[in-house]
2 protein chains.
Amino acid sequence: MSGGEETDTAKKVTDAALRPFLGFNLRRAWNVIHADLGATLDPLGLRMITFSALVVIGDNPGLSQAQLAAALSVERPNLVAVTDELTRRGLISRERVPSDRRTYALRLTTAGARLLAQATEAVHAHETSLYAGLTGDDRAHLLGALAKIEATGTGRS
Amino acid sequence: MSGGEETDTAKKVTDAALRPFLGFNLRRAWNVIHADLGATLDPLGLRMITFSALVVIGDNPGLSQAQLAAALSVERPNLVAVTDELTRRGLISRERVPSDRRTYALRLTTAGARLLAQATEAVHAHETSLYAGLTGDDRAHLLGALAKIEATGTGRS
DNA sequence: GTATAATCGTTATGACTTGTATCTATCTTC
DNA sequence: GAAGATAGATACAAGTCATAACGATTATAC
């Protein structure tokens with residue numbers, strides 16, 4: 001039962017058979033980034049969804065929750081907890097719109113803008129270190145390839 | 001309420017502000033692939049985790065559940081339902097190992113090997129169509145970049 | 001050789017994310 | 001004004017994933 005190759009344990013068990021699948025590699029890379037990005041945002045009290053929300057609100061002041069949900073590709077109900085949390089922490093303001101009293105106009109507060117700036121800097125620094133092995137061209141190619149895959153899968157040609 | 005630019009609705013609300021982040025693009029691409037791959041495997045009665053398990057078992061006949069869990073990067077408890085399901089469907093066999101009666105030796109059954117072949121073909125066909133916009137070089141670069149990111153994040157140099 | 005520690009598979013459990021159905025209030029359309 | 005659509009919210013279900021703990025078995029220490 002030492003050097004036998006009867007069944008298995010001679011050769012190490014690896015995921016080599018899954019490596020040819022691009023989807024598998026994409027999942028693994030995403031897992032790494034997800035965990036790492038989470039660790040980066042955690043000290044700031046943010047999650048990926050709350051950070052993303054701050055970014056989109058900062059770029060589109062006055063937007064509604066439905067618009068935010070669409071931009072983030074999440075369902076409306078799942079955004080309620082996010083806006084609640086951001087409001088409770090004083091990072092965004094929700095003002096009623098006179099012309100349409102169903103909707104809220106979301107805007108960053110001063111504290112929200114400050115935190116967003118900090119978080120953006122932290123995320124950029126983190127991405128820079130995570131993509132240290134890649135050249136600028138590599139990153140550009142990667143972005144382009146990911147966008148093409150997303151576009152193909154989404155069906156928008 | 002038509003042409004005013006007081007606050008917002010003049011310019012469309014998009015995720016443009018998130019696009020510079022590679023992590024965001026990676027997540028979106030992964031979401032697309034995940035949904036698409038799920039739809040591809042569903043007719044065969046497989047999920048990504050069961051498909052991945054079949055691939056690794058087929059490549060490492062006789063391995064233990066702990067080895068399989070390590071190769072798939074999932075915790076051991078989460079693999080129990082997977083092996084249970086595959087065993088119940090007669091796709092894999094679990095034989096006790098005389099030299100270590102704690103472990104099971106996992107192997108594909110004939111039916112399992114047949115289904116794996118079908119699924120592999122389906123997944124490959126699907127990946128081919130999904131990556132239609134990419135050249136062979138693009139795919140190779142993408143694979144390399146993803147592997148580098150994973151390696152950097154995992155800490156293994 | 002026996003006591004201690006470690007491992008395998010398992011069960012139970014909780015945290016987290018995400019989607020669906022439904023409700024009220026409000027706006028739009030006819 | 002009535003019917004339908006939309007915004008936000010609530011409740012709920014389903015899926016993923018990690019941790020703690022247990023019995024059975026093996027490895028290690030003394």
Side-chain angles (χ1 to χ4, degrees), chain A residues 1-2 8-9 13 27-28 30-35 37-39 41-42 45-53 57 62-88 92-106, chain B residues 1-2 8-9 13 27-28 30-35 37-39 41-42 45-53 57 62-88 92-106:
Chain A
M1 60 200 72
S2 55
D8 49 290
T9 38
V13 173
R27 184 174 90 101
R28 285 291 173 88
W30 165 243
N31 282 351
V32 166
I33 290 185
H34 183 245
L37 213 49
L41 291 173
D42 190 59
L46 293 174
R47 292 170 294 153
M48 290 198 55
I49 183 65
T50 51
F51 170 71
S52 301
I57 294 172
L63 84 170
S64 70
Q65 292 186 191
Q67 288 173 315
L68 178 59
L72 294 177
S73 285
V74 302
E75 297 302 316
R76 275 67 75 208
N78 297 328
L79 207 64
V80 175
V82 174
T83 53
D84 278 355
E85 176 184 338
L86 295 177
T87 304
R88 178 168 29 85
I92 65 172
S93 66
R94 302 199 313 174
E95 304 157 14
R96 283 292 185 189
V97 178
S99 59
D100 187 344
R101 288 187 319 217
R102 293 173 301 182
T103 74
Y104 286 113
L106 306 179
Chain B
M1 66 195 75
S2 53
D8 48 289
T9 37
V13 173
R27 185 174 90 101
R28 285 292 173 86
W30 165 243
N31 282 351
V32 165
I33 290 185
H34 182 244
L37 212 49
L41 291 173
D42 191 60
L46 293 174
R47 292 170 295 154
M48 290 198 54
I49 182 64
T50 51
F51 170 71
S52 301
I57 295 172
L63 84 170
S64 70
Q65 292 186 194
Q67 289 174 314
L68 178 58
L72 294 177
S73 285
V74 303
E75 296 303 314
R76 276 66 75 209
N78 296 328
L79 205 66
V80 175
V82 174
T83 52
D84 278 355
E85 176 184 338
L86 295 177
T87 305
R88 178 167 29 84
I92 65 173
S93 65
R94 302 199 314 172
E95 305 156 15
R96 282 293 187 189
V97 178
S99 59
D100 187 343
R101 288 188 318 218
R102 293 173 301 184
T103 74
Y104 286 113
L106 307 179

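Numbered from 1 within each chain, the chains take letters A, B, ... in sequence-line order. Please read these numbers as outputs of a predicted model, since none were measured by experiment. Hydrogens, waters and symmetry mates play no part in the numbers below; they use all other heavy atoms, side chains included.
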Using the side-chain hydrogen bond (donor to acceptor under 3.5 Å, both in side chains) criterion, which residues pair with B:T87? Sequence neighbours excluded. none

Check side-chain hydrogen bond (donor to acceptor under 3.5 Å, both in side chains) between A:R101 and all other residues, then give those that pass, not counting sequence neighbours. none

Gap between atoms CD and C1', on A:E75 and C:dA21 respectively (whole Å): 12 Å

Rounded to whole Å, please give me the gap between CG in A:L68 and C1' in D:dG8. 13 Å

Pairing residues for B:R47 by the salt bridge (Lys or Arg N to Asp or Glu O under 4.0 Å) criterion, not counting sequence neighbours: B:E85

Using ring-ring contact (aromatic ring centres under 6.0 Å, His included) as the criterion, list what pairs up with A:Y104, not counting sequence neighbours. none

How would you list, by chain and number, every residue that makes a side-chain hydrogen bond (donor to acceptor under 3.5 Å, both in side chains) with A:D84, sequence neighbours excluded? none

Under 3.5 Å, which N/O atoms of the protein pair with N/O atoms of nucleotides 12-16 of chain D?
| unit_1 | atom_1 | unit_2 | atom_2 | d |
| --- | --- | --- | --- | --- |
| D:dT16 | OP2 | B:R47 | NH1 | 3.3 |

Can you give one letter per nucleotide of nucleotides 5-10 of chain C, 5' to 3': B if a protein heavy atom sits under 4.0 Å from the base, S if only from the sugar-phosphate, - if neither? -BBSSB

Please table the atom pairs, donor to acceptor, closer than 3.5 Å between any side-chain atom in residues 73-83 of chain A and protein atoms at least two apart or in another chain.
| unit_1 | atom_1 | unit_2 | atom_2 | d |
| --- | --- | --- | --- | --- |
| A:T83 | OG1 | A:L79 | O | 3.2 |
| A:T83 | OG1 | A:V80 | O | 3.0 |

List for me each residue that meets side chain to side chain contact (heavy atoms under 4.5 Å, CB included) alongside A:N31, sequence neighbours excluded, and say none if there are none. A:R27

Using whole Å, report how far NE2 of B:H34 lies from C1' of C:dT17. 12 Å

4.5 Å side-chain heavy-atom contact, A:V13 and B:L68: no

Please state whether the phosphate of C:dG19, meaning OP1 or OP2, lies under 4.0 angstrom from any side-chain nitrogen or oxygen of A:N78. yes

Along DNA chain C (nearest heavy atom to each residue), the more 5'-positioned of A:R101 and A:S73: A:S73

